[in-house]
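Before any comments, here is the structure.
Chain A is the first sequence line, chain B the second, and so forth, proteins listed ahead of strands; every chain is numbered from 1.
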Amino acid sequence: MPQNFRSLAYALIRRLALLATCCTLLFSAVQGVWTYHSVRQQLLGNIQYVASSNMPMLSVALWDIEPATVRQQLAVIAARPGVGFVRVNVVTGQMFEAGDASLLYHNQVSRFVIPPPAGGGKALGELLIVLKDNYIYRQVALALAGMLLGYFLLTVLLCALVVYVLRRDLEKPMHAMADFAGRLGPHTLTSPLRLQRGKRDMHDEIDLVAAGFGTLQNALTEHIESLDQQVAERTRQLESALADIRDLLTHDTLTGCYNRAFLDERLPQETARAQRSGQPLALVFCDIDHFKQINDEYGHLVGDEVLREVATRLRSQLRNDIDWVVRFGGEEFVVVLPDTGGDNARLVAERLREAVATSMLLEDGRRLQLTASLGVAIWQPDEELDAWLKRADTLLYQAKMQGRNRVES
Amino acid sequence: MRRTLLVFCCLLYCGLAQAMSVTFINPGKHDEIYWLTATRAMQAAADDLGVQLEVLYAERVHPRAVEFAREIVARPRDKRPDYVILSNDYGTGPEILRLLDSAGIRTFLAFSGRGDDKGPEPMGAPRTQFHLWLGSLEPRAEDAGYQSAKALIQRARKAKLPRVGGKLQLIAIGGDRSTPASIARDEGMRKAVAEAGDVELVQEVYAAWNRARGAEQSDWLYLRYPQARMVWAGNDLMTFGAMDSWRKRGGQPGKDAFFSGINTSTEAMQALRDGSLAALSGGHFIAGAWALVMLYDYNRGIDFATEGLELDRTMFTLFDAASAERYLRYYGDMDFSRVDFRHYSKAFNPRLKRYDFGFQQLLK
């Protein structure tokens with residue numbers, strides 16, 4: 001997993017928690033203010049009620065001068081929730097108190113006139129009831145604590161649910177898909193994506209992604225297969241072209257015989273082989289007689305035809321795959337005869353002379369008499385190739401000199 | 001000789017058998033002046049009449065009076081008294097009467113009768129619901145309130161106190177709101193105020209017969225009614241409380257303000273003598289002694305039924321400096337042996353047709 005990875009569930013929970021905290025703070029503030037005011041109003045109402053309900057007895061107790069009763073009354077009033085301090089100031093100077101006197105200077109004071117019991121006349125005194133701010137704060141705190149607990153539980157439950165659903169429906173399948181995609185290779189491309197998600201009636205985004213994977217895999221497979229075919233086709237074309245080129249490199253295009261380059265490459269191999277095996281190796285130089293005259297007389301096209309014909313006739317007399325013919329240049333051919341000694345070589349050369357020395361039917365219906373002169377040289381061990389070729393050429397020259405259409409060895 | 005001895009023994013037996021025994025369930029405390037005085041007077045009467053008197057103090061714990069009745073009933077027959085005298089304080093009467101009636105002991109209510117409860121329940125009239133409840137004797141409490149208030153008003157008039165709207169302002173301090181004797185004393189006071197015409201009762205408060213509470217309430221009342229110069233109280237202690245408060249304010253009782261009280265305490269008598277107390281009514285403690293006289297006569301076959309079963313008689317007397325002097329001299333040490341109670345008995349005085357229960361006669 002990368003270092004800066006953060007799961008969706010974590011991100012969602014973080015935002016949820018943030019939202020819940022913000023909402024809680026906002027609502028708490030509103031609720032706190034509202035509770036404070038309502039509790040305060042209620043408390044003031046209660047104090048009003050307490051004062052009015054205690055007033056008759058208080059009035060009688062003061063009128064009858066029953067200080068003990070007055071004290072009892074005040075104790076009862078002071079014991080009421082939210083009442084912090086009570087004082088009765090009697091017009092005749094007496095004062096009664098109950099509760100915490102220090103509250104008098106910091107909290108709201110409700111004042112009530114105590115009338116005489118019979119009504120009318122001068123007031124007997126004044127009743128002061130001081131509400132206890134602490135009580136209001138405690139009520140507010142209680143209300144807020146309840147609300148906060150509720151919000152906290154709700155948030156925790158929501159987060160738990162989100163985590164559960166995300167893990168089950170998103171995180172696990174996503175991780176499985178990530179693993180799957182990570183493992184995909186050329187050989188496993190066709191293996192299908194399988195998610196352990198249990199049985200469900202409805203499909204969701206994960207299923208869409210999984211289906212997308214399938215489609216992608218299929219398309220990739222198809223694409224790869226068509227690529228293989230193309231490569232095979234191209235290879236074949238390339239190989240064919242390469243064969244052509246190789247042909248061109250080693251063959252003479254006019255006659256189909258091997259060319260000088262092939263001879264230079266192949267001949268050392270033949271000599272090495274002969275050296276190794278101890279078998280003889282013969283070389284025949286063959287030159288078409290009076291070819292220059294044919295060319296002059298019949299034209300180059302006929303010359304070419306003659307060259308092709310001679311090559312064909314030479315090849316027809318040789319062993320396939322063992323003997324080979326090279327167009328050495330112009331109207332000169334070299335025939336290489338592996339495993340062929342002096343006598344055999346001379347025989348083969350005679351056969352070759354005979355094969356060439358027949359008339360040839362030209363395309364225009366005329367007949368042309370062909371002959372060739374041949375020089376045969378058997379390879380001497382350790383002989384240099386050039387020397388060997390020179391020897392054969394020399395022999396050919398001798399055949400020419402001796403009257404042509406003959407073999408010299 | 002043998003015959004003489006037999007007659008003597010027989011007479012002695014009869015004499016012993018006829019020695020009547022009475023138990024008094026005293027609702028008060030054993031060291032409370034009023035109830036102690038009442039007991040001493042009864043004892044003096046019992047001595048004169050040859051009555052065997054037993055006194056049980058409930059110490060102002062009302063249920064204890066009922067416990068005493070149970071204890072009496074539980075005694076063996078020969079240890080039980082012939083008569084039980086009790087006071088119907090705090091409504092304990094009916095239960096005690098029921099207990100003693102069922103045990104066959106005769107009963108008599110003294111000091112406090114059945115009050116305003118004249119209906120059949122829970123006591124009924126004497127000798128009806130409880131057959132052995134013989135009757136009751138109450139001092140006429142209204143007299144005390146009336147006498148003392150009237151004397152107080154007269155004293156104030158004579159002193160030419162400042163008036164408010166032509167009237168003298170009177171403050172009243174009652175004992176409590178429920179006891180019949182307390183209510184009756186208040187009524188007497190109101191009657192005197194109504195008769196006077198030039199007196200305004202500005203307020204009545206209740207100080208539970210207590211000196212300190214009387215003083216405390218007075219503190220308020222003097223402030224509430226700065227013009228008031230007369231204080232009437234339902235007993236002597238509350239009067240003294242009011243006087244204490246007045247003195248605390250720099251006043252001089254008997255000179256710039258006048259006070260009246262009820263009861264016969266030594267302190268009250270002395271205050272009357274030195275002039276700080278303007279009027280004093282008392283003497284009703286004697287009701288117990290008179291009850292003993294009535295029961296003695298009843299035991300001798302002279303039923304008081306001829307005069308009524310529930311007697312409500314004048315007993316209080318208004319003291320002046322001279323009678324206070326005499327009272328202190330005669331009874332200052334609570335010794336009533338000076339009085340011969342046989343003198344007031346119908347059994348000893350066949351010519352006596354009607355009991356005279358006034359205290360005045362004992363001051364001659």
Checklist entry - Angle class for the Tyr57(B)/His30(B) ring planes (parallel below 30°, perpendicular above 60°, tilted otherwise)? => result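 Rings of Tyr57(B) and His30(B): perpendicular, as their planes differ by over 60°.
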Next on the checklist: Over 60° means perpendicular and under 30° means parallel, so tell me whether Phe96(A) and Trp220(B) are parallel, tilted or perpendicular.
Outcome noted: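 The rings of Phe96(A) and Trp220(B) sit tilted, inter-plane angle from 30° to 60°.
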Item to check | Backbone of Ala215(B) reached by a side-chain donor or acceptor of Asp244(B) within 3.5 Å | outcome: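 Here the side-chain-to-backbone pair does not exist.
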Item to check | Under 3.5 Å: donor-acceptor pair, side chain of Asp207(A), backbone of Asp204(A) | outcome: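 A pair under 3.5 Å: yes.
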Checklist entry - Any idea which of Val91(A), Leu124(A), Leu62(A) has the most non-hydrogen atom pairs under 4.5 angstrom with chain B? => result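 Of Val91(A), Leu124(A), Leu62(A), Leu62(A) has the most heavy-atom pairs under 4.5 Å with chain B.
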Checklist entry - Between Arg249(B) and Asp219(B), is the closest basic N to carboxylate O distance under 4.0 Å? => result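 Between Arg249(B) and Asp219(B) there is no salt bridge, as every charged N stays at least 4.0 Å from the carboxylate O atoms.
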Checklist entry - Any ion pair linking Arg87(A) and Glu126(A) (charged N to carboxylate O, less than 4.0 Å)? => result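 A salt bridge is absent here (no side-chain N lies under 4.0 Å from a carboxylate O).
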Item to check | Interface residues of residues 223-239 of chain B facing chain A - non-hydrogen atoms under 4.5 Å apart | outcome: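 Interface residues of residues 223-239 of chain B: Leu223(B), Arg224(B), Tyr225(B).
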Checklist entry - How long is the gap from CG on Asp133(A) to NE2 on His106(A), to the nearest 0.5 Å? => result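 Answer for the CG-NE2 pair, Asp133(A) versus His106(A), is 10.5 Å.
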Item to check | Toward chain B, the part of Val90(A) with a non-hydrogen atom under 4.5 Å | outcome: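 Contact with chain B involves the side chain of Val90(A) alone.
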